[in-house]
Amino acid sequence: MASVKTYVTKLKSFVILFFSPILLLPLIILIPDKVCMQYMKDTNMLFLGSLTVAVAVERWKLHKRIALRMLLYVGTQPSRLMLGFMFVTAFLSMWISNTATTAMMMPIVEAMLEQIVATHAALDTCQGTLELSDKAKAGEFPGNQVMFEDITVQKQEDEDTKNMYKAMHLCVCYAASIGGTATLTGTGPNVVLLGQMQELFPDSKEVLNFASWFGYAFPNMLIMLMLSWLWLQCFYMGSKFKKSCICCGQKKQSTKKLAFKVLQEEHKKLGPLTYPEYNVLFCFVLLIILWFSRDPGFTPGWLSIAWVDGRTNYVTDATVAIFVAILLFIVPSQKPKFNFSSQTEEERKIPFYPPPLLDWKYTQEKMPWSIVLLLGGGFAMAKGCETSGLSEWMARHMEPLNSMKPSTITLVLSCLIALITECTSNVATTTLFLPIFAAMARSIGIHPLYVMIPCAMSASLAFMLPVATPPNAIVFAYGHLKIVDMVKTGSVMNFIGVACVFLSVNTWGRSLFKLDEFPDWANSTSINT
């Protein structure tokens, strides 16, 4: 729990740091109006709207129902179960915060592992008694040899159990961080990237929107998730996997049955799908459909059909998010009753329109306002760096990179950000470096997204330390992991992440965003400072 407290303290310090631009920047270079505008940009409203939908999903426990249903579908074989946990966690992390996703998944993982270990202990006791009885009757070997072999086997099984705990716990926190990269609102660095693109390159239009980002980041997320699963399997359950207590004979069958039983019991506790869950699911699906169909790129979306050319830029992804968020404060959480004639006196006293899915009191309590302020302060500080010329000055000192290939620059910068984000907030990291990388790209004549996308993606690759990101801290607090365990597996995870980012940017990302061409909107004359 100490690591969680450390993270919370660090987060609060960052909130204070990024709230200070309102006080400091007007004293130096910017008028207060321009500073305060950065705290409620279009990007902030996009994040706020998506967080409101996430609050509704969490309130009515729709995310838990989705998770359990998907796990029951995947199956209970240990390797498939781990993969199922990773895919479920990643999917949920695409739409709700990785912290909430991890906090929801960990009790399910912990309960299942405890039941499996308890059942194996009972089986060991039963089988051990029978084996000792048989061997004593046969007189095969002395009692001290039996005891020695039993101790050796017990130590091996204890080690296998520890590895199973470590693998299952790490797969959840890693999947939560990886899954958030697939959508623009899934993690803070992606939101910062969108905001910086709109701020630094206002003429870039719809180069970066929900659909285009999903088309790039979702395949990258799938590849990273599969490689992470293979790495955890090899490291914790590789050479010992076939010998493990969860994969042999009677124990294998009991493990599968028990895991399925635990999932089924948890799912039964939720009962049938309720009326508010149906409504939240409808709003959630509506949000995704409107995001994808607004301006897909390969075909005209509802934006170009509903609005004439020239006014289409009035409606953004933030407009859609706020629209669905408002619906959640209107759509009822209970079925309205229209049978006035048959109502009793007590029923007539109840208001006709039931309470909505969300009310402001609950929403403002659950809304992570600190992250919203963190984003706003970051945008304000980036604006100050841009207006003061600090970004340009630092970019000029990076011009010697012009002699390197763009792909090499991408690799170097990805490694740099992946290391820095282990010790600092990922939002702070992207906020500080994106304006610098954008100015550098402009000065050496390469596409700004060629370096900005790897920066945003690599900022989410915080796998090595408990304090690097909230999912790591939550998993570490359960006490089954040591820091050295996270460093060992996390270092390889960082390598996998950087390799996947490098691959995706230089393959389908290159063609999707036309990274080989220097765009007209990236010229310094088009930037409104």
Side-chain angles (χ1 to χ4, degrees), residues 71 74-75 77-94 98 101-102 105-106 109 112-113 159-182 187 217-244 246-247 411 414-415 417-419 421-422 426 454 457-466 468-469 471-476 478 480-505 507:
L71 287 171
V74 167
Q77 185 179 349
S79 57
R80 292 179 64 183
L81 193 62
M82 181 191 290
L83 186 63
F85 273 119
M86 294 185 75
F87 269 106
V88 170
T89 305
F91 173 77
L92 293 174
S93 187
M94 289 165 57
N98 53 14
T101 302
T102 308
M105 293 296 294
M106 281 308 299
V109 175
M112 184 177 300
L113 290 174
E159 186 66 25
D160 292 338
T161 301
K162 289 179 181 179
N163 287 337
M164 180 174 64
Y165 266 93
K166 291 176 183 179
M168 289 294 186
H169 282 61
L170 286 173
C171 79
V172 173
C173 65
Y174 289 165
S177 296
I178 293 170
T181 62
T187 186
F218 185 72
N220 178 77
M221 185 268 286
L222 291 178
I223 295 173
M224 203 184 305
L225 209 62
M226 290 300 300
L227 291 177
S228 304
W229 173 70
L230 288 173
W231 163 237
L232 290 174
Q233 285 284 326
C234 292
F235 189 75
Y236 286 109
M237 305 164 77
S239 59
K240 302 174 184 177
F241 188 62
K242 293 181 180 179
K243 301 177 184 178
S244 174
I246 59 175
C247 287
L411 183 61
S414 296
C415 293
I417 297 299
L419 288 175
T421 195
E422 293 289 350
N426 53 11
M457 296 285 284
S458 300
S460 297
L461 306 179
F463 302 122
M464 290 176 62
L465 297 173
T469 186
N472 293 6
I474 292 171
V475 168
F476 187 78
Y478 276 81
H480 300 292
L481 293 165
K482 298 178 181 178
I483 293 179
V484 66
D485 296 324
M486 299 197 76
V487 172
K488 284 180 181 178
T489 53
S491 57
V492 177
M493 285 294 301
N494 278 3
F495 174 78
I496 291 173
V498 170
C500 289
V501 171
F502 179 78
L503 172 69
S504 60
V505 168
T507 51

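Bear in mind the structure is a predicted one, so any value in this text is a computation, not a measurement. FYI, side chains are in, hydrogens and waters are out, and symmetry mates aren't considered; it's all heavy atoms of this structure.
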(request) For Val475 and Met106, run side-chain contact (heavy atoms from CB on, under 4.5 Å): C-alpha distance rounded to whole Å, both residues' side-chain angles, the deciding distance at 0.1 Å, then the answer. (result) CA-CA 7 Å; Val475 168; Met106 281 308 299; 3.8 Å; yes
(request) Look up atom CE in Met105 and atom OG in Ser93, then write down how far apart they are to the nearest 0.5 Å. (result) 11.0 Å
(message) Would Leu465 and Asn472 count as a side-chain contact (heavy atoms from CB on, under 4.5 Å) here? Give the steps.
(response) CA-CA 7 Å; Leu465 297 173; Asn472 293 6; 5.9 Å; no
(message) For a side-chain contact (heavy atoms from CB on, under 4.5 Å) check, start with the C-alpha distance between Trp229 and Met226, then their side-chain angles and the critical distance, and finish with the verdict.
(response) CA-CA 5 Å; Trp229 173 70; Met226 290 300 300; 4.0 Å; yes
(request) Test side-chain contact (heavy atoms from CB on, under 4.5 Å) on Phe463 and Ile178 and set out the steps. (result) CA-CA 10 Å; Phe463 302 122; Ile178 293 170; 4.0 Å; yes
(request) Please confirm whether the backbone N or O of Thr489 pairs with a side-chain atom of Trp231, one donor and one acceptor, at under 3.5 Å? (result) yes
(request) Considering non-hydrogen atoms only, spot the tightest contact between Ala175 and Met86 and give its length. (result) CB-O, 3.3 Å
(message) Please find the pair of heavy atoms, one from Pro471 and one from Cys173, that lie closest to each other, and give the distance.
(response) O-CB, 3.5 Å
(message) Any non-hydrogen side-chain atom of Leu232 less than 4.5 Å from a side-chain atom of Tyr174?
(response) yes
(message) Looking at every non-hydrogen atom in both residues, tell me the closest pair between Ala462 and Thr469 and how far apart they are.
(response) O-CG2, 3.6 Å
(request) Mind listing the closest non-hydrogen atom pair of Met493 and Ser228 along with its distance? (result) CE-OG, 3.0 Å
(request) Using atom types as modelled and distance alone, determine if a side-chain donor or acceptor of Thr507 lies under 3.5 Å from a backbone N or O of Leu503. (result) yes
(message) Working to the nearest 0.5 angstrom, can you tell me the gap between Tyr165 OH and Asp485 CG?
(response) 15.0 Å
(message) For the CZ atom of Phe218 and the CE atom of Met94, what is their distance to the nearest 0.5 Å?
(response) 5.5 Å
(message) Check whether Asn494 reaches the backbone of Ser491 with its side chain - one donor and one acceptor, N or O, closer than 3.5 Å.
(response) no
(message) If you count heavy atoms of other groups shown closer than 6.0 angstrom to CD1 of Ile483, is the number above 12?
(response) no
(request) Looking only at non-hydrogen atoms, find the nearest pair between Ser414 and Val501 and report the distance. (result) OG-CG1, 4.2 Å
(request) Work out which heavy atom in Thr89 is nearest to a heavy atom in Val172; give both atom names and the distance. (result) CG2-O, 3.4 Å
(message) Quick one: does any side-chain atom of Ser504 pair with a main-chain N or O of Cys500 as donor and acceptor, under 3.5 Å?
(response) yes
(request) First locate atom CE of Met168, then atom CE of Met82, and finally report the distance between them rounded to the nearest 0.5 Å. (result) 5.0 Å
(message) Can you tell me how far apart CG (Leu225) and CG (Leu83) are? Round to the nearest 0.5 Å.
(response) 7.0 Å
(message) If you define the side chain from C-beta out and look only at heavy atoms, does anything of Val484 sit under 4.5 Å from Lys488?
(response) yes
(message) Can you tell me how far apart OG (Ser458) and CZ (Phe502) are? Round to the nearest 0.5 Å.
(response) 11.5 Å
